[in-house]
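Presented below is the structure to which this report refers.
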Amino acid sequence: MLRLGVDLGGTKIEIIALDAGGTVLQRRRIAAPRGDYQATLAAVCGLVEQAERELGSGSVGVGIPGSISPHGGLVRNANSTWLNGRPLQRDLCDRLRRAVRVANDADCFAVSEAADGAAAGCGSVFGVILGTGVGGGLVIDGRLVAGANRIAGEWG
């Protein structure tokens, strides 16, 4: 099964397509349409649709700066401020007409490193992102520690 991962950042949006074995089939990167929520939605959906035209359909996950509030589903605490207060996950699901998983980018990074990256086999992992923004994710015994408000690993 094809898996599509999107890294939605403050300066760029990047998509990667992986096959069932984790082999990279495609990777594309575009500039983020800073300050424009609707253009950001169009850019993410355009990357997904282009990859699927070329490779077939698959599951979609999006890593974002900030987090989705468990109380209402709106983005909060994103350094990409045009995402804050917006129902990003719902809007992506509606536009792509399917389920889309959305999670904090630093959490995604920490889970990936704990699963099969530099921290594979470690009991506790604290992953740090330093980019347009800063953030962190915490993994203990192979499981993400999200916390009640989904910001347990944040430090920035």
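From a predicted model like this one, the values you see are computed outputs, not experimental measurements. One is the number of the first residue; the rest follow in order along the sequence. Computed from heavy atoms alone, side chains included, the values below leave out hydrogens, waters and symmetry copies.
Looking only at side-chain heavy atoms (C-beta outward), Glu14 and Arg28 stay at 4.5 Å or farther from each other. Taking 4.5 Å as the limit, every side-chain heavy atom of Ile68 sits out of range of all side-chain heavy atoms of Leu74. You'll find the side chain of Val139 stays beyond 4.5 Å of the side chain of Phe126, heavy atoms only. The side-chain heavy atoms of Val134 and Val128, taken from C-beta on, include no pair separated by under 4.5 Å. Counting heavy atoms from C-beta outward, Leu138 and Leu144 have side chains that stay 4.5 Å or more apart. Between Gln26 and Ile16 there is no side-chain heavy-atom pair separated by less than 4.5 Å. Contact annotation: the side chain of Val75 approaches that of Asn84 to within less than 4.5 Å [non-hydrogen atoms, C-beta and beyond].
For Glu154 and Asn77, the side-chain atoms include no donor-acceptor pair closer than 3.5 Å. For the 3.5 Å distance criterion, the side chains of Thr11 and Arg34 fail to qualify, holding no donor opposite an acceptor.
The backbone N or O of Ile151 lies less than 3.5 Å from no partner atom in the side chain of Asn149, so there is not a single donor-acceptor pair. The backbone N or O of Leu2 sits nowhere less than 3.5 Å from a side-chain atom of Asp19 that would complete a donor-acceptor pair. A donor-acceptor pair under 3.5 Å links the side-chain atoms of Thr40 to the main chain of Asp36, judged by distance alone. With hydrogens and angles disregarded, no donor-acceptor distance shorter than 3.5 Å links the side chain of Ser67 to the backbone of Ser69. Checking side-chain atoms of Gln89 against main-chain N and O of Val100 turns up a donor-acceptor pair under 3.5 Å.
Within the model, atoms CG of Leu55 and CG of Leu4 stand 7.5 Å from one another, a figure rounded to the nearest 0.5 Å. The structure places CH2 of Trp155 at 10.5 Å from CD1 of Ile129, a figure rounded to the nearest 0.5 Å. One distance of note links OG of Ser57 with CD of Glu49; it measures 12.5 Å at 0.5 Å rounding.
With respect to the salt-bridge test (charged N to carboxylate O, under 4.0 angstrom), the residues Arg3 and Glu52 do not qualify.
Under the 4.5 Å side-chain heavy-atom criterion for ILVMFWY residues, no single connected hydrophobic cluster contains both Phe109 and Leu18.
For Arg98, the CZ atom counts as densely surrounded, since its 6.0 Å shell holds more than 12 non-hydrogen atoms of other residues, nucleotides or ligands.
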Problem - Pair Asp7-Arg29, salt bridge (charged side-chain N to carboxylate O under 4.0 Å, His left out): steps then yes or no - result: CA-CA 9 Å; Asp7 180 10; Arg29 183 180 190 150; over 6 Å; no

